[in-house]
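Letters go in sequence order (proteins before strands), and every chain restarts at 1.
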Amino acid sequence: MTIRKFFDYEEETKLKVKRTVSKMSSSSTPTVRRAKVVKETLPPCEECGLYKTCRSPKMGVTGEGRTGILFLAEAAGSTEDKLGYQLCGQAGQLFRDEIITPLGYDLDADFYKCNVVRCRPISETGSNRTPTDREIALCHGETWQLIKDRRPKAIILTGRVPLQSYLLDIEIGGEQPAISRWADWCIPDRDLKCWVIPQYHPSFFQYGSNKKLLKIYRQKMEVAIGNSLKPFPELTREEDKIRCIFSPEEAIQVLETILRDKPPLLTLDWETTGLKPYKTGHKIVAVGLSWNPEQGVSFPMFPEIVPLLRMILKNLDIKKTAHNFKFEELWARQILETSIKGWKWCSQLATHVLDDRHGIKSLAFQTFVRYGIAGFKDETSPFMKSETSNDLNNIEACPIDKLLLRNGLDAMFAHRLALDQMEELKQIKGLTGAYNLFHEGSLAFLDSEITGIRTSMAYFTEVQKGMEDECKVAKENIMNSHYAKLWEKETGVKLNPTSPDQLKKLLFNTLGVKPLKYTAKKNPSLDKADIDELAKTVSQKSLRTFLKNITILRTSTKTESTYVRGLMKEIYDDTIHPFFHLDSVRSYRSSSQNPNFQNIPVRNERMMLLVRNGIFPHPGQQLLEVDFGMHEVRVAACFTQDPELIHYCEDPTSDMHRDQTERIFLLQKDRINKPIRNLVKGGFVFAQFYGSWYAPCAENLWKWSDDLTLEDGMPIHTHLKSKGISTLDDFSLHVRAEEDHFWKKFSVYTQWKEKWVNKYYETGKVLLKHGFRRQGFLDRNQILNTAIQGTAFHLLLWSFIELMKIARKEDWKSRIIAQIHDCILFSVAPSELQHVSKLTHYITTAAIKKPHPWLNVPLDVEYELSGIDQPWAAKEKISLDKILLENY
DNA sequence: GACTGGAGCACC
DNA sequence: AAACGGTGCTCCAGTC
């Protein structure tokens with residue numbers, strides 16, 4: 001089998017890879033992905049030894065294959081091994097009964113079937129098991145030869161294991177065989193000359209609530225079979241379609257033609273010296289253009305071409321597209337000093353709007369799953385890496401011919417992708433509106449990114465010194481303890497107190513402490529909550545001190561590494577320029593990166609002061625933060641139309657958290673204070689809305705209320721005792737009853753939840769108000785949360801876009817500098833404070849109603865303001881009325 | 001030396 | 001039946 005890399009820069013000598021497959025450990029994925037090499041060095045398939053222990057060794061392809069479609073499954077289980085054909089065990093039978101038969105097919109008559117590992121893998125206890133990486137590799141050559149001999153029209157890969165086997169032949173660097181991101185794509189395989197369609201394995205749907213997903217699986221499989229029967233396209237060599245230009249005269253000719261002919265859609269792709277253009281010395285090295293899905297051109301950024309290129313970029317009649325258009329726009333503005341007019345499409349953004357999954361948005365991935373081309377960026381990508389997001393990369397060391405070829409291909413594939421997506425998007429009701437919101441939103445976010453956020457390198461340099469000292473002292477306290485010495489005696493090496501692994505070994509093995517909970521991967525957990533709890537319960541005072549010091553160390557190192565050092569890394573000219581993305585989050589919220597500006601400390605007073613004292617408005621201005629109050633609750637009220645919830649949104653004197661606190665802690669209103677209300681807000685109300693249940697709620701409320709006292713000084717646990725609740729068990733029973741009461745009170749919400757979940761199980765989609773749809777296999781909480789979380793953000797985004805439009809039109813001195821899901825951050829000129837505040841109130845609470853007729857509860861915004869040139873830490877709550885006082 | 005998965009933790 | 005939704009960054013430890 002040849003490598004499906006459609007051009008190969010590497011010399012033959014490099015192909016002689018020294019490692020052999022037989023040396024691979026069973027737990028690692030082979031890095032040798034070249035079938036040529038594998039064939040030469042591969043030991044006989046018998047090397048795995050599985051043939052010795054099974055009844056049907058080396059099971060071949062079975063089935064009559066009337067459709068020409070081949071199902072490639074994992075490996076034989078005990079039933080398959082006994083009967084001698086595939087997909088007849090428990091999962092296989094489910095597949096037949098629930099998927100294939102209802103679709104009107106007969107698995108054995110209509111399809112071919114084969115396993116990736118053709119002998120039965122058997123565990124030590126005699127049960128079925130997943131084949132190892134080594135077994136998959138050993139079986140690979142012969143299995144795929146058998147498959148090719150049948151010349152299937154399509155191969156449907158059922159599960160991760162067949163996918164992994166398929167990817168062994170494909171030069172697509174760093175791609176993980178996670179089935180979630182590969183499922184459903186219909187890959188035109190250029191070597192096999194047939195479609196390859198990954199799907200989940202039927203065993204995924206065997207147990208628990210996953211059984212409810214069978215209907216969606218059936219729909220997906222129906223589509224997969226339909227796609228399999230499509231005629232296979234004629235595929236031609238792609239590198240021949242790229243014209244790499246090496247002279248300015250020729251480049252000018254091309255640009256003149258574009259300016260004269262005005263193609264309906266022009267794809268732009270820059271190759272640049274880095275990720276961000278702000279630091280001096282950055283430039284655009286090469287330009288790739290495409291106006292035809294079968295053609296691309298590229299040339300270096302000759303100085304002579306810049307005027308013509310600017311004219312094209314500014315020409316509104318030439319509509320533009322790019323794969324991540326924010327990037328092309330950013331570099332055009334900063335380096336070419338031109339804003340690009342006529343943006344029509346961003347293929348990266350459209351990829352996300354069409355499909356919410358992670359790991360699919362890169363052009364390399366899209367090019368492979370849609371056009372069967374792998375690895376065309378691998379050779380040039382190493383030159384594009386830089387230390388930090390502001391630094392220069394090594395692109396100028398990249399051979400220019402390789403760079404231009406990549407550049408032209410990028411442009412051509414992005415163009416092809418854009419045209420295909422425009423067709424797809426049109427077919428789906430409501431999705432165009434969703435795309436447009438994100439298209440405008442991305443451009444508005446870019447304005448904030450370029451404006452940037454003012455910081456102070458001098459401040460953080462000073463703070464860093466203090467933090468480093470603090471970390472050192474915290475470390476010393478730990479290292480001087482009896483426990484650090486005990487560790488050293490036991491293991492012979494010094495304890496690393498920032499290593500969770502070592503601390504777990506010390507506590508849970510050496511000292512015999514019992515873990516309180518386990519992580520998602522079923523390992524013992526030792527996070528802050530565990531340490532806090534252990535510090536309360538262990539009997540030795542010295543161990544309590546030790547644990548408390550660990551917590552101190554963790555908080556200091558987090559502050560120093562993530563927030564002080566991490567921010568400093570991103571500062572250039574006392575400004576940070578975080579990215580705000582709309583093409584990443586599965587619930588269609590935003591994300592922020594380099595640095596993440598959405599997780600700057602605020603709750604821990606000390607961390608907040610240390611970090612936020614270094615974040616400033618622009619000179620002479622003030623920071624104004626506008627928060628959408630109770631935002632997700634209001635959106636939930638709109639979705640569910642629950643009258644109780646609507647009441648809480650409409651009546652400003654009502655307070656659901658206070659009401660709930662009365663019940664949970666059996667308190668009269670006047671005995672409730674802020675910490676107790678906050679505890680119930682986070683530990684019960686929001687937890688319940690997000691899908692938690694009474695047991696963990698009760699446990700957390702009990703734990704966290706341990707050191708809380710009422711207004712009059714009475715410890716809350718003493719108070720509860722007076723009400724007959726003296727243990728966690730008592731309290732759990734009480735919270736259980738309250739949970740029941742809570743969802744009875746919001747009975748319309750409860751009904752909505754059932755309806756909403758069932759709708760997903762019917763259609764496989766969660767539909768949001770603005771037209772977005774989340775797909776894939778979701779669990780109950782994801783189904784319920786996505787709609788509310790995403791939609792809440794979209795209301796903010798709409799407001800953000802409107803405000804940015806007005807800011808531009810009115811030529812504000814004030815700037816909109818950031819957004820954090822349900823709040824907008826301004827650097828506001830004092831002379832414009834009243835105007836900006838009033839206008840924001842109008843946009844976010846009144847104007848927003850018109851394009852959102854379903855919004856039938858009032859929205860509310862709250863203001864926080866810091867003084868002129870004062871840092872973010874200095875912000876204080878302020879009412880709109882006060883801001884609007886004449887002499888304020 | 002470079003890469004990766006896992007854990008932990010900051011935010012909404 | 002299952003059981004808190006969604007991110008990004010840093011460090012550790014294992015691997016090649």
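Contacts of A:His358 with the nucleic acid, taken as non-hydrogen atoms under 4.0 Å apart, involve only primed sugar atoms and P, OP1 or OP2. Counting any heavy atom pair closer than 4.0 Å across all strands shown, A:Lys522 reaches no nucleic acid atom. Across all strands shown, A:Gln502 has heavy atoms under 4.0 Å from sugar-phosphate atoms exclusively, and none from any base. Nucleic acid contact for A:Lys528: sugar-phosphate only, since backbone atoms but no base atoms lie under 4.0 Å from a heavy atom of the residue. Note on A:Arg586: only backbone sugar-phosphate atoms sit closer than 4.0 angstrom, heavy atoms only; bases stay farther off. Counting non-hydrogen atoms under 4.0 angstrom, A:Ile788 reaches nothing in the nucleic acid. Nucleic acid contact class of A:Asn496 (heavy atoms, under 4.0 Å, all strands): sugar-phosphate only.
Residues from residues 681-698 of chain A with heavy atoms under 4.0 angstrom of DNA chain B: there are none. Residues from residues 553-561 of chain A lying near DNA chain B, meaning a heavy-atom separation below 4.0 Å, are A:Arg554, A:Lys558 in numerical order.
In this structure, CZ of A:Phe628 is placed 14 Å from C1' of B:dC12, rounded to the nearest angstrom. Atom-to-atom, CG of A:Leu526 to P of B:dA7 comes out at 12 Å; the value is rounded to the nearest Å. Computed from coordinates, the A:His821 NE2 to B:dA10 P distance equals 16 Å when rounded to whole Å. Rounding to whole angstrom units, CG of residue A:Leu778 and C1' of C:dG6 are separated by 13 Å. Remark: C1' of C:dC4 and NZ of A:Lys753 are 12 Å apart, rounded to the nearest angstrom. Taking atom CD of residue A:Gln598 and atom P of nucleotide C:dC9, one finds them 11 Å apart after rounding to whole Å. Computed from coordinates, the A:Gln593 CD to C:dT7 P distance equals 13 Å when rounded to whole Å. Per the geometry, CG belonging to A:Leu213 stands 12 Å off C1' belonging to C:dA1, to the nearest Å.
Regarding contacts with the backbone of B:dG8, every side-chain N or O of A:Thr519 stays at 4.0 angstrom or more from both OP1 and OP2. Between A:Asn785 and the phosphate of C:dC4, there is no side-chain N or O to OP1/OP2 separation shorter than 4.0 Å. Between A:Lys517 and the phosphate of B:dG8, there is no side-chain N or O to OP1/OP2 separation shorter than 4.0 Å. Phosphate proximity of B:dA10 to A:Arg612: absent, as no side-chain N or O sits under 4.0 Å from OP1 or OP2. Contact annotation: A:Asn596 does not reach the phosphate of C:dC9 (side-chain N/O to OP1 or OP2, under 4.0 Å). When the side-chain nitrogen and oxygen atoms of A:Arg603 are compared with OP1 and OP2 of B:dC9, none of them lie within a distance under 4.0 Å. Taking only side-chain nitrogens and oxygens, A:Ser592 never comes nearer than 4.0 Å to OP1 or OP2 of C:dT7.
Between A:Glu470 and A:Arg606 there is a salt bridge, with a side-chain nitrogen of the basic residue lying less than 4.0 Å from a carboxylate oxygen of the acidic one. Comment: A:Asp740 does not engage A:Arg736 in a salt bridge, judged by the lack of any side-chain N to carboxylate O separation of less than 4.0 angstrom. Between A:Glu449 and A:Lys276, no side-chain nitrogen of the basic residue sits less than 4.0 Å from a carboxylate oxygen of the acidic one, so the salt-bridge criterion is not met.
The nearest heavy atom of DNA chain C to A:Asp501 and to A:Pro595 marks one nucleotide each, and the one closer to the 5' end goes with A:Pro595.
Taking the ring axis of A:Trp487 as reference, the NZ or CZ atom of A:Lys494 does not stay both within 45° of it and closer than 6.0 Å to the ring centre.
For NZ of A:Lys517, the number of neighbouring non-hydrogen atoms (other residues, nucleotides, ligands) closer than 6.0 Å is greater than 12. Within a 6.0 Å radius of CD in A:Glu754, other residues, nucleotides and ligands contribute more than 12 heavy atoms. Surrounding CD of A:Gln90 are at most 12 heavy atoms belonging to other residues, nucleotides or ligands under 6.0 Å away.
Screening A:Glu739, A:Glu738, A:Gln660 for a side chain to side chain donor-acceptor pair (under 3.5 Å) with A:Gln688, the sole residue that qualifies is A:Glu739.
Inter-residue side-chain proximity for A:His657 and A:Phe686 is flagged as met; some heavy-atom pair is nearer than 4.5 Å. Residues A:Ser866 and A:Leu623 are in side-chain contact: their nearest non-hydrogen atoms beyond the backbone lie under 4.5 Å apart. No side-chain heavy atom of A:Leu610 sits less than 4.5 Å from a side-chain heavy atom of A:Val564.
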Please evaluate residues A:Leu495 and A:Ile478 with respect to the criterion side-chain contact (heavy atoms from CB on, under 4.5 Å), reporting the C-alpha separation (whole Å), side-chain torsions for both, the decisive distance (0.1 Å), and the verdict.
CA-CA 9 Å; A:Leu495 177 73; A:Ile478 293 164; 4.3 Å; yes

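Among the nucleotides B:dC12, C:dC11, B:dA7, the one closest to any side-chain atom of A:Thr498 is C:dC11. For A:Ser587, the side-chain atoms get nearest to C:dG6 when compared with the rest of C:dG6, C:dC12, C:dC4. Closest approach to the A:Asn594 side chain among C:dC9, C:dT7, B:dC12 is made by C:dC9 (side chain taken as heavy atoms from C-beta onward).
For B:dC12, its base sits under 3.5 Å from the side chain of A:Arg589 at one donor and acceptor pair at least. The base of C:dG5 lies close enough to the side chain of A:Gln789 for a donor and an acceptor atom to sit less than 3.5 Å apart.
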